[in-house]
Amino acid sequence: MAQEQKQPRKSSQEETASEEVVETDVAERKETIDEDVDAILDEIDEVLETNAEDFVKSFIQKGGQ
Amino acid sequence: MSVRRVMGTEVEYGISVQGQPAANPMVASSQIVNAYASSTARARRARWDFEEESPLRDARGFDMARQVADPSQLTDEDLGLANVILTNGARLYVDHAHPEYSSPEVTTPLDVVRWEKAGEQVMLDASRMAAQVPGSTPILLYKNNTDNKGASYGAHENYLMRRSTQFAEIVRHLTPFFVSRQVVTGAGRVGIGQDGRDTSPERGFQISQRSDYFEVEVGLETTLKRPIINTRDEPHADPAVYRRLHVILGDANLAEISIYLKAGTTALVLAMIEDGFIDRDLSVEGAVNSLREVSHDPTLQQLITLRDGRRITAVQLQLEYLELARKYVEDRYGADADEQTVDVLARWESVLTRLERDPMECAAELDWVAKLKLLNQYRDRDGLDWDDAKLHLIDLQYADLRPDKGLYHRLAGAGRIRRLLDDAAIEAAMHDPPVDTRAYFRGRCLDKYADSVAAASWDSVIFDLPGRESLQRVPTIDPLRGTRAHVGELIDRSETAQALVAAITR
Ligand SMILES: Nc1ncnc2c1ncn2[C@@H]1O[C@H](COP(=O)(O)OP(=O)(O)OP(=O)(O)O)[C@@H](O)[C@H]1O
Ligand SMILES: [Mg+2]
């Protein structure tokens with residue numbers, strides 16, 4: 001559908017207009033992505049072991065196969 | 001053949017006793033296995049039967065002398081460590097200093113995923129059960145391959161192959177595939193080098209957990225001087241007809257699509273090798289070095305030098321195998337190719353295409369990309385260098401089996417990593433065996449006649465029947481017999497093990 005609507009030749013004004021629309025789209029999407037990232041990092045912050053340094057240091061394994 | 005083949009995977013889990021870094025890992029591993037065994041085994045606990053094991057048999061045709069073998073290679077001696085068989089046909093045991101789950105034999109990549117993921121749940125349950133023992137300290141389990149301090153432990157794949165295929169052909173065509181497949185199958189790692197110390201600002205993350213621990217191209221060892229192609233020749237099937245290819249260089253994956261593609265694409269390449277379909281030599285110059293270099297470059301620009309002089313990236317090398325596989329499947333099956341073969345080809349192509357464009361496009365499918373994306377988000381937000389303990393913690397905690405703590409689980413739970421199976425299918429596979437291999441017979445026998453099964457292994461179930469002086473050994477030498485189609489009804493109608501054995505040996 002969207003494809004078909006684009007087919008008729010557009011005036012240059014229309015072109016600029018639609019480009020602007022695209023740009024705000026991207027900006028909006030970036031914003032939601034940023035919010036998403038923040039949300040997941042907040043969630044993970046909650047579950048990360050406290051004192052990363054000690055925790056990592058004390059993870060000592062014997063070699064296996 | 002296609003992606004279908006007799007296969008099974010083994011995973012050695014990282015283990016730590018909370019707050020006690022010096023705790024004995026063999027004791028902790030035994031606690032894990034014993035906790036699960038005592039809560040699930042209804043009565044008698046069947047032993048593992050070691051009769052058919054020969055870990056010093058080399059696929060190149062000789063046996064290593066026992067005296068020259070490193071003690072860690074002697075896995076067939078019953079060291080008295082915990083070792084049980086589950087009703088799903090799997091083996092749960094202590095291997096060296098790690099608890100290990102060896103999946104039952106299956107025949108499709110999706111079933112590899114299903115019974116391997118069931119193993120994660122078995123381990124998780126085991127750790128919860130162990131924690132209920134009064135006075136115990138919680139034991140944490142990780143599905144990873146290194147402590148980043150020099151130690152590595154494995155996640156092996158096993159593929160049944162025709163004995164008639166020359167081993168040299170397997171080495172020739174599989175090595176370049178293995179050097180490059182990590183771009184799909186890597187689990188991701190913070191730290192470069194065996195001890196993970198090299199975390200300079202621009203070099204901190206690598207694609208594979210395991211690549212830095214491989215030192216030779218071909219060999220029998222699995223615990224030292226690890227080889228890209230392992231020559232262990234212990235077929236657990238008729239040795240005149242089959243070999244079992246024991247693949248030791250893979251990473252322990254959590255992402256279902258990583259596991260699926262690992263088994264599916266490897267099975268396809270093995271099929272092409274068996275059928276003599278690979279018409280070109282893709283041999284890599286300096287395979288061990290290339291393996292590491294590819295792992296060390298998550299931008300995927302690292303070039304691999306082929307013996308024919310070409311220099312191409314790992315993704316391009318994978319694309320060569322993909323192209324061959326497409327032709328092969330078209331040539332052998334045309335429109336009759338089975339669904340999973342078609343699906344593996346499509347996903348493989350899709351993943352490679354996107355990896356070439358921008359690896360981050362695969363963050364919802366592949367472990368290493370999902371992990372790197374998360375690490376980069378932390379680096380961006382908090383301005384962390386690669387040597388920051390927090391990034392190492394994220395790497396480690398990605399593999400934590402606990403659903404509330406494990407970061408893989410958090411990402412999958414939030415829909416950021418896609419799955420192939422639902423929880424119910426995995427949960428059922430903790431108890432039910434696959435129906436299309438001998439694991440079905442083994443699992444059903446353990447489920448229905450637990451009291452009468454004295455021991456079992458991949459190649460046998462051994463019954464101890466009332467009124468019989470000697471144990472009755474039922475060999476299961478053919479991995480594709482003992483399926484539900486073969487013995488389902490027989491087991492359904494045999495009330496006792498005596499009745500079953502009488503019917504089989506009649
Ligand atoms: N004939 C076969 N072909 C392919 N896979 C097989 C065959 N028989 C068994 N397997 C699979 O191989 C794996 C064997 O696991 P096991 O831990 O016993 O292996 P191993 O090579 O003897 O052990 P390790 O490497 O730990 O010393 C299982 O996942 C099993 O399903
Ligand atoms: Mg094993």
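So you know, we letter chains A, B, ... as the sequences are listed, proteins then strands, and number each from 1. The figures that follow rest on heavy atoms only: side chains count, while hydrogens, waters and symmetry mates do not. Bear in mind that the values here come from a model prediction, so they are computed numbers and not experimental data.
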* Asked: Is B:R381 atom CZ crowded by more than 12 heavy atoms from other residues, nucleotides or ligands, each under 6.0 Å away?
  -> yes
* Pick one of side chain, backbone, both or neither for B:R410, based on which atoms fall under 4.5 Å of a heavy atom in chain A. => both
* Please name the pair of heavy atoms, one in A:V56 and one in B:A389, separated by the smallest distance, quoted to 0.1 Å. => CG2-O, 3.8 Å
* To do: Heavy-atom distances under 4.5 Å only: say whether B:L407 touches chain A with side chain, backbone, both or neither.
  => side chain
* In terms of heavy-atom proximity below 4.5 Å to chain A, should B:L391 be classed as side chain, backbone, both, or neither? -> neither
* Asked: chain A heavy atoms under 4.5 Å from B:Y142: which part of the residue, side chain, backbone, both or neither?
  -> side chain
* Matching residue for A:F59 among B:T146, B:N144, B:I15 - test: side chain to side chain contact (heavy atoms under 4.5 Å, CB included) -> B:N144
* Under 4.5 Å from a heavy atom of chain A, the part of B:Q377 involved -> both
* To do: Could you tell me which portion of B:D382 (side chain, backbone, both or neither) has an atom closer than 4.5 angstrom to a non-hydrogen atom of chain A?
  => neither
* 4.5 Å side-chain heavy-atom contact, A:L48 and B:Q397 -> yes
* Do the non-hydrogen side-chain atoms of B:L411 and A:E43 ever get within less than 4.5 Å of each other? -> no
* To do: Answer with side chain, backbone, both or neither: which region of B:H392 has an atom nearer than 4.5 Å to a non-hydrogen atom of chain A?
  => both
* Residue B:K149 versus chain A: region with a heavy atom under 4.5 Å -> side chain
* Check whether any side-chain heavy atom of B:M26 lies under 4.5 Å from a side-chain heavy atom of A:K62, and answer yes or no. => no
* **A:N51, part contacting chain B, at a heavy-atom distance under 4.5 Å** => neither
* Below 4.5 Å from any heavy atom of chain A, which atoms of B:N145 appear? Answer side chain, backbone, both or neither. => neither
